[in-house]
S.K.: 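Right, I'll just put the structure down here and ask away after.
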Amino acid sequence: MAKKKLKPIWFWGVLVIVVTLIVFGVHSYISARAHSAEEILPADVLVYAKVTNVRKNLKSFFATNLWSQFSKIDFDGVARRFAKPGEHASYKGQLADVETIIDESLFKKLIGQEVVAAVYPIQINVQELSALSKISPDLVGAKLLSNVYILSKVTNDVQFLESFMGYLNTKNVQGASFENTSYNGFKIHEVLIPSKGLKFCFVRFGNWLAAGFSEEAMKKLVDVYKKVKPSLASDRVFMERQASEGQRAKWQVFVNFEAVYAMVEQAVEDFKPMLGTQSKVVKENLKYFAGYQALALAGLGGDPDQIKIKLTFDRRIMHPDVAPFFDRCESREDAALSFIPQDVLAYHWDGCFNASKLWGSLKASEKNGKSGRDRSSTAIVAQTIKGNTGLDLESQILPAIGHEWGVYWNGVDIINYGNQKVPMPKLFLFVKMKQKKIFEEFVNKLETVLPFKTAKESYAGDTINAFQVPMGAGFQPAYCFKDDYFLLSLQSKVLKQSLDLEQKGQRLKDAEDFKALDKGLSNMGKNFDFIGVEKLLDTTKDLVSFGNDFVTRRADERAAFQKGTGQRLADYQSALKLSENQLLAAEADKTQDPAETARKMSAIKADIRTAQEKIKSAEEAENNMRPDNTPSLADRNYYLNTLVYPLIEALKNIKNIAIGESSEEDNYQWRIIFKVQ
């Protein structure tokens, strides 16, 4: 039998190297997992926030037009002009400190990779607070900070403590000292700043630098790291309720509502002796927050940017007045987009509306006395509608309303109202009808009892009913029935614009800007919102300018009125002085007949009383028109041109925002998509 040919020695060398690399890689992977922030932090967190690739994401943000324009705003000039004496210098000093910290190479290394912050339940000894004098900001602050942890993933070469102490020395922080404490094989480093009433504690866990505000807090982290106490990574509830895209998220936030509720509930029980009879009221009100479990948010970044939000809850333990609002509804497409124009500033669609359920909730709240209104108000409303239309609200009208309603706003018109100019929003409301005949009957009968007549107009194959309101075309509410929808607008021209879309196009859903953000959001089933940020901010700027012009006109009117009032007051005072002198002269004149003197003095006294009444009225008018605290025209224009308008222009780099909402049996989810330039 032939001998087997031995492998060359280089083959065995390569094999050893490959195996070594695989073992080293697996070991490195396991080690890296062992140093995740969740495996260092304790379980039962209240609030958790994580930001990844901090420096990279900040660099990307600083490269946007949004930041470029925002950074050019002269905040310092505004502060210098409007700050009180001494405040500007303090502001400049604080800003310089922040800029110095950010520019420090240590800080840049510290936030270069990943930063995590976590807040845990607060435990307060009720006996410590038995005396009101012991409740102080320092005590509250100490309790809050003792349950806060901050972790930052750093490079191995970061000598944080030495650099931090050096920074304090350069800032001449008085009394700063540095101490070390050993605990279970780890060093707890403490930096004490008595002059500021602060203590910073640090522990190094591999590439993680953990910071807190008490030695006890750091010991808890060591215990978790050594697996003496459970970690956040072992908290099944936390891990399951985090955002599903957590692995690729740029940032995450998690709020444990169950833990918050339990903490508040326990606090109410602990403070029962101090609350007395009010504890029962507090407990009853607290029940309205039962059933909320957790809120998870994740910023996914990308182009366009995306944010996902998930709210979990347990309807079984929710308050009866709250639970109905968290029913799951059928997923449906937003068909109303067919009559929404492209030039909208803001649009909202609700695909899970239930008028009967909303009315029932109002009645329940009223019955329980929670609304603060007259207990019979809902009954009065139902009775009034029945009397005017002959239809029963609960059994006929509400069931006729479908599960969709929405509204859009596409600008503002400035209209004349009397001798004033007022802004009139171009609003459009729609409701889907489940039983069209009943809803039409209700609207038609309601129209007969309104104080305004309507004029019917045939337009684009539909009938428009416009109310004849004595305010001109700028405010002419109008409605029509279109297929299964009831359409209503404050201006008939806005209603016509939506009806034109069927023939002329230019619908929102066909716009490229809309399609770039929609990405299925309008089909998520529960709610959908679209905000035309750039157009909205343009309108906001116009409204701010209108408001500034209005204030200027009122100031001019005030000044003119004051001038006239001041002149009249001086005239009345002169007339009073003249009458008083005439009275003195009449009293001193002994040559006249006593009866004539009495008649003359009576007439003069009447003139004095009249002059006094006019003076009082003029003084009241002058007091009412005294200059208020409204900034001067020069200050207002400076503030607007230096801060408000540049800020609006900067924010216009967020072009549009789209928001979709869906519902499940135990959670609601939102997706937010927006474009930043």
Side-chain angles (χ1 to χ4, degrees), residues 332-351 402 404-415 423-433 436 439-440 443 454-469 471-523 528-540 542 652 655-660 673 675:
R332 52 177 62 86
E333 180 185 0
D334 180 4
L337 279 168
S338 296
F339 44 80
I340 309 302
Q342 292 183 8
D343 60 347
V344 292
L345 278 62
Y347 166 61
H348 170 75
W349 172 79
D350 184 346
E404 290 183 51
W405 79 275
V407 61
Y408 76 73
W409 173 34
N410 66 337
V412 173
D413 282 339
I414 304 300
I415 67 172
M424 179 59 62
K426 295 192 284 187
L427 288 174
F428 178 94
L429 174 73
F430 61 88
V431 177
K432 191 165 187 179
M433 299 168 289
K436 185 176 180 179
F439 197 84
E440 281 184 321
V443 173
T454 58
K456 295 185 182 296
E457 177 185 355
S458 180
Y459 187 84
D462 297 292
T463 300
I464 294 178
N465 298 269
F467 290 92
Q468 303 303 295
V469 181
M471 289 183 63
F475 178 64
Q476 188 181 51
Y479 72 88
C480 78
F481 295 94
K482 176 74 173 176
D483 299 328
D484 291 332
Y485 289 94
F486 171 72
L487 313 179
L488 173 68
S489 176
L490 296 182
Q491 296 161 297
S492 60
K493 66 178 184 179
V494 176
L495 180 56
K496 291 178 180 179
Q497 180 187 13
S498 284
L499 295 177
D500 284 339
L501 296 176
E502 190 172 358
Q503 298 296 328
K504 298 181 180 179
Q506 294 187 338
R507 297 175 296 186
L508 177 63
K509 69 177 186 178
D510 298 325
E512 292 301 321
D513 288 346
F514 175 84
K515 290 189 286 188
L517 298 186
D518 181 23
K519 299 186 181 298
L521 299 189
S522 59
N523 296 329
F528 175 70
D529 295 273
F530 181 81
I531 303 172
V533 178
E534 188 172 14
K535 297 171 186 173
L536 178 63
L537 289 172
D538 279 335
T539 300
T540 301
D542 291 341
K652 283 166 64 175
K655 295 299 181 183
N656 300 298
I657 300 174
I659 306 170
I673 303 179
K675 174 75 174 179

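Side chains are part of it too, since the values below use all heavy atoms of this structure and drop only hydrogens, waters and symmetry mates. Computed from a predicted structure; not experimentally measured.
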S.K.: To the nearest 0.5 Å, tell me how far Phe430 CZ sits from Ile340 CD1.
M.R.: 5.0 Å

S.K.: Taking all non-hydrogen atoms of both residues into account, name the closest pair between Ile464 and Ala478 and its distance.
M.R.: CG2-CB, 3.9 Å

S.K.: Could you tell me which non-hydrogen atom of Trp349 sits nearest to which non-hydrogen atom of Ala336, and how far apart they are?
M.R.: CD1-CB, 4.2 Å

S.K.: My understanding is that only residues two or more places apart in sequence, or in another chain, count here; which of them pass side-chain hydrogen bond (donor to acceptor under 3.5 Å, both in side chains) with Lys515?
M.R.: Glu512

S.K.: Applying side-chain hydrogen bond (donor to acceptor under 3.5 Å, both in side chains), can you list everything that pairs with Asp413, at least two apart in sequence or on another chain?
M.R.: Gln491, Lys493

S.K.: Quick one: list whatever passes side chain to side chain contact (heavy atoms under 4.5 Å, CB included) with Leu536, sequence neighbours left out.
M.R.: Leu345, Trp409, Ile531, Thr540

S.K.: Stepwise, does the side-chain contact (heavy atoms from CB on, under 4.5 Å) test hold for Tyr479 with Leu429?
M.R.: CA-CA 9 Å; Tyr479 72 88; Leu429 174 73; over 6 Å; no

S.K.: Report the C-alpha separation of Leu487 and Ser498 in whole Å, then their side-chain angles, then the decisive distance to 0.1 Å, and conclude whether the side-chain contact (heavy atoms from CB on, under 4.5 Å) test is met.
M.R.: CA-CA 9 Å; Leu487 313 179; Ser498 284; 5.6 Å; no

S.K.: Does some side-chain heavy atom of Asn656 sit less than 4.5 Å from a side-chain heavy atom of Phe514?
M.R.: no

S.K.: If you round to the nearest 0.5 Å, how far is NZ of Lys652 from CG of Asp538?
M.R.: 3.5 Å

S.K.: Got a sec, which pairs hit salt bridge (Lys or Arg N to Asp or Glu O under 4.0 Å) with one end in residues 455-465, sequence neighbours left out?
M.R.: Glu457-Lys496, Asp462-Lys482

S.K.: Going by side-chain hydrogen bond (donor to acceptor under 3.5 Å, both in side chains), Asn410 matches just one of Lys426, Gln497, Lys535. Which one?
M.R.: Gln497

S.K.: Are the side chain of Gln468 and the backbone of Thr454 linked by a donor-acceptor contact shorter than 3.5 Å?
M.R.: no

S.K.: Any chance you could measure Asp350, atom CG, to Trp405, atom CH2, to the nearest 0.5 Å?
M.R.: 6.5 Å

S.K.: What heavy-atom pair brings Ile673 and Leu517 nearest, and what distance separates the two atoms?
M.R.: CD1-O, 3.4 Å

S.K.: Work out which heavy atom in Ser338 is nearest to a heavy atom in Arg507; give both atom names and the distance.
M.R.: O-CD, 3.0 Å

S.K.: Distance check, rounded to the nearest 0.5 Å: Tyr347 atom OH versus Asp529 atom CG?
M.R.: 9.0 Å

S.K.: Flag the pair Val443 / Phe481 as yes when at least one side-chain heavy-atom distance between them is below 4.5 Å, and no otherwise.
M.R.: yes

S.K.: What's the separation between atom SG in Cys480 and atom CG in Asn465, rounded to the nearest 0.5 Å?
M.R.: 8.0 Å

S.K.: Please round to the nearest 0.5 Å and tell me the distance separating atom CG of Leu537 and atom NZ of Lys655.
M.R.: 10.0 Å

S.K.: Applying ring-ring contact (aromatic ring centres under 6.0 Å, His included), can you list everything that pairs with Tyr485, at least two apart in sequence or on another chain?
M.R.: Phe339

S.K.: Without swapping roles, check the side chain of Lys436 against the backbone of Asp483 for a donor-acceptor pair under 3.5 Å.
M.R.: yes

S.K.: Over all heavy atoms of both residues, which pair between Met424 and Ile415 is shortest? Give the atoms and the distance, please.
M.R.: CE-CD1, 3.7 Å

S.K.: Under 4.5 Å between any side-chain heavy atoms of Leu337 and Leu508, yes or no?
M.R.: yes

S.K.: Please find the pair of heavy atoms, one from Glu333 and one from Asn523, that lie closest to each other, and give the distance.
M.R.: CG-OD1, 2.9 Å

S.K.: Kindly check if the number of other-residue, nucleotide or ligand heavy atoms within 6.0 Å of CD (Gln506) is above 12?
M.R.: no

S.K.: I'd like to check Asp518 versus Phe528 (side-chain heavy atoms, cut-off strictly below 4.5 Å). Are they in contact?
M.R.: yes

S.K.: Suppose we screen for ring-ring contact (aromatic ring centres under 6.0 Å, His included). Which residues come up paired with Tyr408, at least two apart in sequence or across chains?
M.R.: Phe428

S.K.: Does Ser458 reach the main-chain N or O of Thr463 with its side chain, forming a donor-acceptor pair under 3.5 Å?
M.R.: no

